[in-house]
Protein chains: 2
Amino acid sequence: MNSRAHQAQQDSLSHARDEFISQWGALGTQWGINRTMAQIHALLMTAVEPMCTDEVMESLAVSRGNAHTNLKELVAWGLVRVVVRKGERREYFEAEKDVWKIFTIVARERKRREIDPALAILNKCEEASRGITSPEGKAFHSQMRALREFVGFASTMSDKVAAMKHGMAMQVAAKLIK
Amino acid sequence: MNSRAHQAQQDSLSHARDEFISQWGALGTQWGINRTMAQIHALLMTAVEPMCTDEVMESLAVSRGNAHTNLKELVAWGLVRVVVRKGERREYFEAEKDVWKIFTIVARERKRREIDPALAILNKCEEASRGITSPEGKAFHSQMRALREFVGFASTMSDKVAAMKHGMAMQVAAKLIK
DNA sequence: CATTACTTTCAGATATTACTGAAAGTATGG
DNA sequence: CCATACTTTCAGTAATATCTGAAAGTAATG
């Protein structure tokens, strides 16, 4: 391939990558994570080499504070790892690229933030209304119980799925689909 | 039961219900739906009778506009139904109380808002990077493909599960858990 | 122990989202 | 049609979430 054609390919690659980063960031909002965090995740998922804070800042045109906070948040989730290069002081960051690992991490985090607190509330309200004899009281209690049972079930399922290996999950899924 | 004991029960019931509504509302924020919408949902799920806009406004101390908008949003989701009583002009609202139905509705909506748009982006980026010959280009393309395959798979699974009847879903789940 | 090279924090600024309340719209019944 | 009873909309305001940039913190090096 001549150098002009090669350049055209590199251009369309960087265009596609920019598109991915920008759109993934927009999606992040829907998913309840902030735009910058989602953009950094997209940036690092499609980076060949680990990147440092300054590179992230420049690529996305965000402040140091913002880049720093969201990189650390991604590390806290387990979606990004810190890499140190020997002889260098600064930290580099690299994203988990395995889709199944990404899925289990996100599933675990969502369960922690969405399912567990719901379960706590439902347990409390189910308990608090136990033994109330009026019709409204019985209705309330049984509604709390039904919700608690279902959310508890979802919690268990979430754990099971997140603990599965990719192959096993696909095997189970295949049965479900057929 | 004497009337004093009965009153004590009614108090603890309304306390438990208030707690549920308030906490469910706080949770809504985590789930990406606004507090009022989640509170109205909690209110109606634990109401014995359908409620009208004014009753909702008063129970939650919110404005007419807010109550109206969120009631209609809940109706749009399918989590709440409009009920008309004969001889009355105003609309009453009643929540779906069946937990499996609630789950399938929420799953469908989340798929629509979270999975489908992701799939569209990934398809586009996968296409846009097809045939790029540089190593970075190939890496990008295969990352997009892996993500697209996984998200596509999640989309299918979501549809399948949402289409199941409660009993069937539980049967499948039982196998998964054991 | 001073300098350099980074990382971390956070008060204030900005952007986004949600809510209010009043006005406009609509349907029903006399 | 007019009055009444309700529903819907929306401009302005309030609340919340996010981002910036600079200052403070920390650790390695000579």
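Below, read A as the first sequence line, B as the second, and so on, with proteins coming before strands; counting in each chain starts at 1.
- C/dC19 atom C1' lies 12 Å from atom CE of B/M57, rounded to whole Å.
- Here B/N66 lies in heavy-atom contact (under 4.0 Å) with a base.
- Taking the charged nitrogens against the carboxylate oxygens, B/R90 and B/E55 have no contact shorter than 4.0 Å, which rules out a salt bridge.
- Close to D/dA17, at under 4.0 Å from its OP1 or OP2, lies no side-chain N or O of A/N34.
- OP1 and OP2 of C/dT8 both lie 4.0 Å or more from every side-chain N or O belonging to A/T69.
- In this model, the phosphate group of C/dT8 is approached by a side-chain N or O of A/H68 to a distance below 4.0 Å at OP1 or OP2.
- Cluster membership check: B/L27 shares its hydrophobic cluster with A/L119, using side-chain heavy-atom separations under 4.5 Å among Ile, Leu, Val, Met, Phe, Trp and Tyr.
- Between A/R64 atom CZ and C/dA11 atom C1' there is a gap of 18 Å when expressed in whole angstrom units.
- Between B/N70 atom CG and C/dT17 atom P the separation is 15 Å, expressed in whole Å.
- Salt bridge absent: A/E127 and A/K124 never bring a charged side-chain N and a carboxylate O closer than 4.0 Å.
- Put simply, CE on B/M37 is 16 Å from P on C/dT17, counting in whole angstrom units.
- Between A/R90 and A/T29, the residue anchored closer to the 5' end of DNA chain C is A/R90, taking for each the nucleotide with the nearest heavy atom.
- Look at B/R89 and you won't find any side-chain N or O under 4.0 angstrom from OP1 or OP2 of D/dC6.
- The NZ-P distance, from B/K72 to D/dT7, rounds to 7 Å in whole Å.
- Atom CZ in A/R35 sits about 16 Å away from atom P in D/dA17, given to the nearest Å.
- Atom CD of A/E55 and atom C1' of C/dC6 are 14 Å apart (whole Å).
- Nearest to the side chain of A/E91, among C/dT8, D/dT7, C/dT16, sits C/dT8.
- Within the structure, every side-chain polar atom (N or O) of A/T53 is placed at least 4.0 Å from both OP1 and OP2 of C/dC6.
- With rounding to whole Å, A/D54 atom CG is found 11 Å from C/dA5 atom C1'.
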A/T133 and B/Q9: side-chain hydrogen bond (donor to acceptor under 3.5 Å, both in side chains), yes or no, with the steps? CA-CA 8 Å; A/T133 48; B/Q9 283 200 350; 2.8 Å; yes
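- In this pair, B/F150 and A/W100 present their aromatic rings perpendicular. The plane angle is above 60°, beyond the 30 to 60° band.
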